[in-house]
Amino acid sequence: MLRIIFMGTPDFAVASLKALLDTGKNVVAVVTVPDKPAGRGQKLHESAVKQFAVLNNIPVLQPIKLRDPEFIAQLKSYQADLQVVVAFRMLPEMVWNMPVHGTVNVHASLLPNYRGAAPINWAVINGEKKTGVTTFLLQHEIDTGNILLSQEININETDNAGIVHDKLMESGAELLIKTVNAIENKEINPISQDSLTSTETVKHAPKIFKEDCLIDWNKNTDVVYNLIRGLSPYPAAYTNLDGKNLKVFSSTKEIKNHDLQPGTILCDGKKVLKYATTDGFIHLQSLQIEGKKRMEVADFLRGYRFENPDSITQI
């Protein structure tokens, strides 16, 4: 049986670690980030992967620097045959090249598309109907290693990034087990990503910054709707209302010809708060004004007083 070291940090990675244990794989150690101060009182917060590993009596390594000689020596002492990485950090070659079977990464896209830090968000933002998970072998350039296996899922028109995250979390765990089984049974056939990129332009998934989250009402309705879905629940798309940031977590769309300026706000004072786009309207459903908690639009309108009512088109 393969001796496996698992590397990961968030909840997304826990599903894969749990699947390894549930199927009887020999996880000899876990590598995760150091504990970090968080919340009131800045108490030390353990990663989701560490919490799960401790509950299951798996040794945990938490290096500050992945090139630290002490960490490298610890890693070697476990004599792993295979390393598995799910939502962790970039690894130096001395780490990913250590096991005889190399290091397998579970990535939340159908590679070679959506390489990068935010594959789930960008797939939804771009209005994709499908995405998936891919297992591949780590090499020097990020997310470019030879593909082992992939598995597709559907993205429904009402799915946000959070829903797609949860689908891929489970799908990724399933695919990891299939991949480890194939490696154990010597049934794996790595495929070069370069061989898959000749007929299409590769789509990328860079890290998302605050400026990426600002809604541009001069775009069409579908583009704005997909941006809101793709950034929900985090970091959330936002617009401006009375000089304050207004986060939008969910919306519905209305395709309709009109002669209003994009960004025009329309409201009935009860249940409808919508913004004009170039070819219709976005109806805000779940939102959060700066300094307040998240709420549904009817609750928001019940308690909110517009600073400049004349700028709002009453409907």
Side-chain angles (χ1 to χ4, degrees), residues 6-19 32-33 47-49 84-90 104-136 138 142-145 147-176 178-179 193 196 200-215 222-238 247-251 253 285-286 294:
F6 184 89
M7 303 182 179
T9 300
D11 286 325
F12 188 90
V14 172
S16 290
L17 177 55
K18 183 177 185 299
T32 191
V33 294
S47 75
V49 163
V84 172
V85 175
V86 185
F88 192 49
R89 296 153 61 183
M90 281 188 66
V104 170
N105 196 132
V106 178
H107 186 73
S109 81
L110 296 172
L111 290 172
N113 280 321
Y114 297 109
R115 295 168 177 163
I120 298 173
N121 302 97
W122 285 110
V124 181
I125 289 169
N126 289 341
E128 301 287 359
K129 300 291 189 286
K130 295 181 184 297
T131 185
V133 281
T134 305
T135 51
F136 70 97
L138 285 188
I142 189 166
D143 298 340
T144 60
I147 290 172
L148 302 177
L149 295 172
S150 62
Q151 190 163 290
E152 197 175 84
I153 68 155
N154 292 322
I155 302 177
N156 299 325
E157 195 181 32
T158 55
D159 286 349
N160 64 20
I163 291 169
V164 176
H165 169 281
D166 291 351
K167 289 182 184 179
L168 291 176
M169 181 169 66
E170 299 305 322
S171 187
E174 289 174 14
L175 189 67
L176 175 60
K178 291 178 185 175
T179 303
Q193 289 193 43
L196 303 174
E200 61 177 317
T201 302
V202 173
K203 299 169 184 174
H204 296 282
K207 185 177 179 180
I208 289 173
F209 295 95
K210 188 173 181 180
E211 54 265 32
D212 299 314
C213 303
L214 178 62
I215 298 170
D222 283 328
V223 168
V224 176
Y225 177 73
N226 291 338
L227 180 75
I228 291 167
R229 291 193 302 134
L231 296 173
S232 179
Y234 182 84
Y238 72 97
K247 289 183 177 180
V248 185
F249 297 98
S250 67
S251 67
K253 60 182 179 177
Q285 299 293 311
S286 179
R294 177 175 171 173

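Keep in mind that the numbers below use all heavy atoms, side chains included, and drop hydrogens, waters and symmetry copies.
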Trainee: I would like to know whether Asp159 and Asn156 meet side-chain contact (heavy atoms from CB on, under 4.5 Å); could you show each step before the answer?
Mentor: CA-CA 5 Å; Asp159 286 349; Asn156 299 325; 3.5 Å; yes
Trainee: Check step by step if side-chain contact (heavy atoms from CB on, under 4.5 Å) holds for Lys253 and Asp222.
Mentor: CA-CA 8 Å; Lys253 60 182 179 177; Asp222 283 328; 2.5 Å; yes
Trainee: Under a 3.5 Å distance rule, please check whether Arg229 uses its side chain to pair with a backbone N or O of Glu157 as donor and acceptor.
Mentor: yes
Trainee: Which heavy-atom pair separates Leu110 from Ser150 by the least distance, and what is that distance?
Mentor: CD2-CB, 4.2 Å
Trainee: Would you check if there is a donor-acceptor pair between the side chains of Ser286 and Arg294 at a distance under 3.5 Å?
Mentor: yes
Trainee: Regarding Thr179 and Thr135, do their side chains bring together a donor and an acceptor under 3.5 Å, going by distance alone?
Mentor: yes
Trainee: When you check the side-chain N and O atoms of Lys203 and Asn113, is any donor under 3.5 Å from an acceptor?
Mentor: no
Trainee: What heavy-atom pair brings Pro112 and Ile147 nearest, and what distance separates the two atoms?
Mentor: N-CD1, 4.5 Å
Trainee: Do Tyr238 and Val248 have side chains that get closer than 4.5 Å, going by heavy atoms?
Mentor: no
Trainee: Could you measure the distance from the CG atom of Leu227 to the OH atom of Tyr225? Nearest 0.5 Å is fine.
Mentor: 12.5 Å
Trainee: How many angstroms lie between atom CD1 of Ile228 and atom CG of Asn160, to the nearest 0.5 angstrom?
Mentor: 11.5 Å
Trainee: Minimum heavy-atom separation for Trp122 to Ile208, with atom names?
Mentor: NE1-CG1, 3.7 Å
Trainee: Around atom NZ of Lys167, are there more than 12 heavy atoms of other residues, nucleotides or ligands at under 6.0 Å?
Mentor: yes
Trainee: Look up atom CZ in Phe88 and atom CG in Asn105, then write down how far apart they are to the nearest 0.5 Å.
Mentor: 11.5 Å
Trainee: Do any N or O atoms from the side chain of Gln193 and from the backbone of Leu111 form a donor-acceptor pair under 3.5 angstrom?
Mentor: no
Trainee: Any side-chain to backbone donor/acceptor pair from Asp212 onto Phe209? Under 3.5 Å, distance only.
Mentor: yes
Trainee: Under a 3.5 Å cutoff, is there a donor and acceptor pairing between the side chains of Asn126 and Tyr114?
Mentor: yes
Trainee: Distance alone, cut at 3.5 Å: any donor-acceptor contact between the side chains of Gln151 and Ser171?
Mentor: yes
Trainee: Report the C-alpha distance between Ile125 and Asn226 in whole Å, list the side-chain angles of each, state the deciding distance to 0.1 Å, and finish with yes or no for side-chain contact (heavy atoms from CB on, under 4.5 Å).
Mentor: CA-CA 5 Å; Ile125 289 169; Asn226 291 338; 5.5 Å; no
Trainee: Take Thr134 and Leu149 through the side-chain contact (heavy atoms from CB on, under 4.5 Å) test and state the conclusion after the steps.
Mentor: CA-CA 6 Å; Thr134 305; Leu149 295 172; over 6 Å; no
Trainee: Do the side chains of Val86 and Phe12 get nearer than 4.5 Å, heavy atoms only?
Mentor: yes
Trainee: Are Val164 and Ile153 close enough that some pair of their side-chain heavy atoms sits under 4.5 Å apart?
Mentor: yes
Trainee: Search all heavy atoms of Ala123 against all heavy atoms of Ile155 and return the closest pair with its distance.
Mentor: CB-CD1, 4.3 Å
Trainee: For Ala19 and Ala173, work out which heavy atoms get closest and say how close.
Mentor: CB-CB, 3.9 Å
Trainee: Any chance the side chains of Thr32 and Ser47 put a donor and an acceptor closer than 3.5 Å?
Mentor: yes
Trainee: Calculate, to the nearest 0.5 Å, the distance between atoms OH and CZ belonging to Tyr234 and Phe249 respectively.
Mentor: 11.0 Å
Trainee: Please report the shortest heavy-atom distance between Phe136 and Thr144, naming the atom on each side.
Mentor: CE1-N, 4.3 Å
Trainee: Within a strict 4.5 Å, meaning less than it, do heavy atoms of the Lys178 and Leu176 side chains meet?
Mentor: no
Trainee: Could you measure the distance from the OG atom of Ser109 to the CG atom of Asp143? Nearest 0.5 Å is fine.
Mentor: 7.0 Å
Trainee: Rounded to the nearest 0.5 Å, what separation is found between the CZ atom of Arg115 and the NE2 atom of His107?
Mentor: 9.0 Å
